[in-house]
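Count residues from 1 along the sequence. Every number for a ligand or one of its atoms is a count from 1 in the order of the listing.
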Amino acid sequence: MQRYSGFGLAKHALSHHENWERQWRNPTPKKQYDVIIVGGGGHGLATAYYLAKEHGITNVAVVEKGWLGGGNTARNTTIVRSNYLWDESAALYEHAMKLWEGLSQDLNYNVMFSQRGVMNLGHTLQDMRDIQRRVNANRLNGIDGEVLTPAQIQEIVPIMDCSKNARYPILGASWQPRAGVARHDAVAWGYARAADALGVDLLQNTEVTGFKIRDGRVYGVHTNRGDIEAKTVGCVAAGNSGVLAGMAGFRLPLESHPLQALVSEPLKPILDTVVMSNHVHGYISQTDKGDLVIGAGIDGYNGYGQRGSYPTVEHTLQAIVEMFPIFSRVRMNRQWGGIVDTCPDACPILSATPVKGLFFNCGWGTGGFKATPGSGHVFAWTLAKNQAHPLAAPFSIDRFHTGALVDEHGAAGVAH
Ligand code: FAD
Ligand code: PYC
């Protein structure tokens, strides 16, 4: 480690971060890899990392059209929880939760995973019946969960208006104490650095423009930097998955929608948990820096613009201010959108496709950040063994033919 005198330290501080070690290489694409991952978001990078770490497959390229983590990974509101209703999804998200609990140590990178608890509010009797059913199901699956009364909610979040006169009276909530938030960029960077260290090539500014397919089998991709060959290709491209499927000659049951979020000016610490309300389409938490992070439901139209429409955020902010009158004069600093890939049953697709060797991991919609480690872990297994991981099997595209859908609309964080 370099040591600095007082003068040296000041000089270093003013040196515009010169001589900082690069976190990963910037390699020239090779002609051929064992596996190509399309999409350098959290899920793609995690897949590459686990391929190398757990299956010894290191001749891997992650092909990313922009920069690592620049898609939904760096645009989400970082809520991590595993309180899904059905056994299949609860198992997948809980697998991710367990990986989150050791992730900073595993990657030797602080992903700032903070288990500060997540609350899902109920505003109607039917909301409360759904909450009770989901919490019971969670507990049967060994997932932590409680049903809170308004008095318990008020104790945890004293600044929320829990009075009976509120516009959206709060009748109770589900509460998962092990849930929380993580730093999204750090998740992408941590996986990227660890995958690179194991030999994975991270190819940024490299856009996949088509697939090399012969006799119903994939053998590579066309990119803006030339063709790259591989007998196994995994697409992990979130909102652009439908576009990639189209390039490979089939359709996926996905719709791409804008989903937006906002952050406020920084405030002193005032909210130390995460509050979500599916009913009013709004949720809120506070970052360690002090910003309030607020998110909305999806914009109802299909679109590929990474921004949303004003009425959606206006509706969300009205609801947030009704629940938290204390925030009525807080100024918003930034607003943005991502492109979320929503499936009819609000569950992901982790699947082989009609093209041999070509797999898709997508459809995480508004809720895939929390799944990042689990998704990467089971997708790597699936690619390495050319066989669905048991946790991935229920999420095959076959379910849209057999009708074995896993309906998670009630547990998906925001309506879609
Ligand atoms: P991405 O991070 O989008 O990565 C896909 C990558 O593929 C992109 O970098 C893209 O550039 C690349 N790509 C696309 N096409 C090509 C191509 N042709 N060639 C090469 N590369 C290509 N989830 C939660 O669990 N909790 C939340 O609180 C939460 N909040 C959200 C809030 C917002 C505003 C948004 C937009 C999403 C939110 N989500 C949340 C959802 C979550 O962000 C996503 O499900 C998750 O990040 C998806 O990760 P990914 O790695 O699959 O996708
Ligand atoms: O899936 O928990 C979630 C979520 C919260 C906000 C957006 N998605």
Side-chain angles (χ1 to χ4, degrees), residues 36-47 61-84 93 96 100 118 120 176 179-182 184-185 187-188 191 203-211 221-225 235-244 246-247 256-263 274-278 281-285 293-299 304 306-308 313 335-342 346 348 360-372 375-376 379 408 411-416:
I36 292 173
I37 303 296
V38 183
H43 290 229
L45 293 164
T47 305
V62 177
V63 181
E64 166 53 52
K65 72 174 177 178
W67 64 96
L68 300 180
N72 288 342
T73 294
R75 292 164 189 273
N76 71 72
T77 45
T78 81
I79 297 172
V80 174
R81 58 190 174 84
S82 59
N83 52 358
Y84 280 69
Y93 288 103
W100 277 113
V118 171
N120 292 89
Q176 187 181 17
V181 292
H184 47 21
D185 309 291
V187 173
Y191 273 121
L203 308 174
Q204 301 186 76
N205 298 312
T206 310
E207 178 165 3
V208 169
T209 52
F211 294 94
V221 294
H222 303 296
T223 81
N224 59 340
R225 296 173 74 188
C235 291
V236 202
N240 285 290
S241 301
V243 178
L244 284 162
M247 291 177 194
S256 293
H257 286 266
L259 179 69
Q260 33 185 332
L262 315 83
V263 287
V274 181
V275 178
M276 304 178 60
S277 169
N278 297 9
H281 294 163
Y283 58 92
I284 184 163
S285 66
V293 181
I294 296 173
I298 57 167
D299 283 45
Y304 291 91
Q306 289 174 314
R307 60 177 179 274
V313 274
Q335 174 264 359
W336 66 91
I339 319 164
V340 295
D341 45 338
T342 61
F360 269 72
N361 176 348
C362 58
W364 293 95
T366 61
F369 177 67
K370 68 176 80 63
T372 305
S375 154
F379 198 49
E408 282 292 359
V414 281
H416 64 259

Do any nitrogen or oxygen atoms of Gly40 come within less than 3.5 Å of a nitrogen or oxygen of ligand 1?
no
Looking at every non-hydrogen atom in both residues, tell me the closest pair between Gly308 and Pro258 and how far apart they are.
CA-CB, 4.4 Å
Which residue and non-hydrogen atom of the protein lie closest to atom 12 (C) of ligand 1, and at what distance in Å?
Glu64 OE1, 3.2 Å
Ligand 1 atoms nearer than 4.0 angstrom to some heavy atom of Thr206 are 20 (C)
All heavy atoms of Thr77 vs all of Tyr283, minimum pair found to be OG1-OH, 2.8 Å
Taking atom 1 (P) of ligand 1 as the reference point, the nearest protein heavy atom with its distance
Asn72 N, 3.5 Å
Nearest heavy-atom contact between Gly239 and Ser256 is O-OG, 2.7 Å
With only distance considered, is Gly69 within less than 3.5 Å of ligand 1 through an N or O on each side?
no
Provide the number and element of each atom of ligand 1 under 4.0 Å from a heavy atom of Gly338.
36 (C)
Proximity to ligand 1 by part of Thr366, non-hydrogen separation under 4.0 Å:
backbone
Which is it for Phe211 and Leu244 under the side chain to side chain contact (heavy atoms under 4.5 Å, CB included) test, yes or no, and what are the steps along the way?
CA-CA 9 Å; Phe211 294 94; Leu244 284 162; 4.0 Å; yes
Distance from atom 7 (O) of ligand 1 to nearest protein heavy atom, with residue and atom:
Gly39 CA, 3.3 Å
For ligand 1, which atoms, with element, lie under 4.0 Å from some heavy atom of Val63?
20 (C), 21 (N)
Any atoms of ligand 1 less than 4.0 Å from a non-hydrogen atom of Gly365? List them with their elements.
41 (C), 45 (O)
If the cut-off is 4.0 Å to any non-hydrogen atom of Lys370, which atoms of ligand 2 fall inside it?
1 (O), 2 (O), 3 (C)
Worked check of side chain to side chain contact (heavy atoms under 4.5 Å, CB included) between Arg81 and Met276
CA-CA 12 Å; Arg81 58 190 174 84; Met276 304 178 60; 4.0 Å; yes
Taking all heavy atoms of Pro348 and all of Tyr93, pick out the closest pair and write down the distance.
CD-OH, 4.3 Å
Can you tell me if Gly367 has a non-hydrogen atom under 4.0 Å from ligand 1?
yes
Would you compute the distance between atom NE2 of His184 and atom CG of Asn72 and round it to the nearest 0.5 angstrom?
10.5 Å
Report yes if Trp336 has an N/O atom closer than 3.5 Å to an N/O atom of ligand 1; otherwise report no.
no
One should read off an interatomic distance between Thr372 OG1 and Asn76 CG, to the nearest 0.5 angstrom, of 7.5 Å
Please identify which atoms of ligand 2 are closer than 4.0 Å to at least one heavy atom of Gly367.
1 (O)
Among all protein heavy atoms, pick the one closest to atom 42 (C) of ligand 1 and tell me residue, atom and distance.
Phe369 N, 3.5 Å
Below 3.5 angstrom, do we get any N/O pair linking Ala371 and ligand 1?
no
CZ of Phe379 to SG of Cys235, rounded to nearest 0.5 Å, is 7.5 Å
Give a yes-or-no answer on whether the side chains of Ser375 and Asn361 include a donor-acceptor pair shorter than 3.5 Å.
yes
Trp67 versus ligand 1: do any nitrogen or oxygen atoms come within less than 3.5 Å of each other?
no
As an exercise, identify every atom of ligand 1 less than 4.0 angstrom from a heavy atom of Glu207.
18 (N), 19 (N)
Is the closest heavy-atom distance from Ser241 to ligand 1 below 4.0 Å?
no
Could you tell me, atom by atom, which parts of ligand 1 come under 4.0 Å of a heavy atom of Asn240?
14 (C), 15 (N)
Taking non-hydrogen atoms only, is Phe369 closer than 4.0 angstrom to ligand 2 via side chain, backbone, both or neither?
neither
Please check this pair: side chain of Gln204 against backbone of Leu68, looking for a donor-acceptor N/O pair closer than 3.5 Å.
yes
protein heavy-atom neighbour closest to atom 43 (O) of ligand 1 works out as Asn76 CB, 3.1 Å
I need the contact type for Thr372 against ligand 1. Using non-hydrogen atoms and a strict under-4.0 Å cut-off, is it side chain, backbone, both or neither?
neither
Heavy-atom check, side chain of Asp299 versus side chain of His257, under 4.5 Å
no
Does any N or O in the side chain of His43 come within less than 3.5 Å of the main-chain N or O of Trp364, such that one atom is a donor and the other an acceptor?
no
In ligand 2, which numbered atoms sit nearer than 4.0 Å to a non-hydrogen atom of Met276?
2 (O), 5 (C)
Sub-3.5 Å N/O-N/O distance, Thr366 and ligand 2
yes
Polar side-chain atom of Arg307 near backbone of Gly337 as donor-acceptor pair, under 3.5 Å:
no
Quick check, are the ring centers of Trp100 and Phe369 under 6.0 angstrom apart?
yes
What distance separates Thr73 OG1 from Leu45 CG, expressed to the nearest 0.5 Å?
7.5 Å
Geometry only, no angles: is Thr77 polar-contacting ligand 2 at N/O separations under 3.5 Å?
no
Thr223: heavy atom below 4.0 Å from ligand 1, yes or no?
no
Shortest non-hydrogen contact from Lys370 toward Val80:
CB-CA, 3.6 Å
Is there a nitrogen or oxygen of Arg75 sitting under 3.5 Å from a nitrogen or oxygen of ligand 1?
no
Can you list the ligand 1 atoms lying under 4.0 Å from a non-hydrogen atom of Trp364?
45 (O)
Below 4.0 angstrom from a heavy atom of Ala237, which ligand 1 atoms are there? Numbered from 1 as shown, please.
5 (C), 7 (O), 14 (C)
Kindly indicate, with the supporting measurements, whether the criterion side chain to side chain contact (heavy atoms under 4.5 Å, CB included) is fulfilled by Asn83 and Asn120.
CA-CA 10 Å; Asn83 52 358; Asn120 292 89; 3.4 Å; yes
Backbone or side chain, does any N or O of Met247 fall under 3.5 Å from an N or O of ligand 1?
no
Given Val236, Asn361, Thr77, which one has a non-hydrogen atom that is nearest to atom 30 (N) of ligand 1?
Thr77
Looking only at protein heavy atoms, what sits closest to atom 50 (P) of ligand 1 is His43 CD2, 3.7 Å
Checking contacts here: is it the side chain or the backbone of Val243 that comes within 4.0 Å of ligand 1, counting heavy atoms only? Could be both or neither.
neither
What part of Val208 sits under 4.0 Å from ligand 1 if we count only heavy atoms: the side chain, the backbone, both or neither?
both
Least distance between heavy atoms, Val118 atom then Ala179 atom
CG2-CB, 3.5 Å
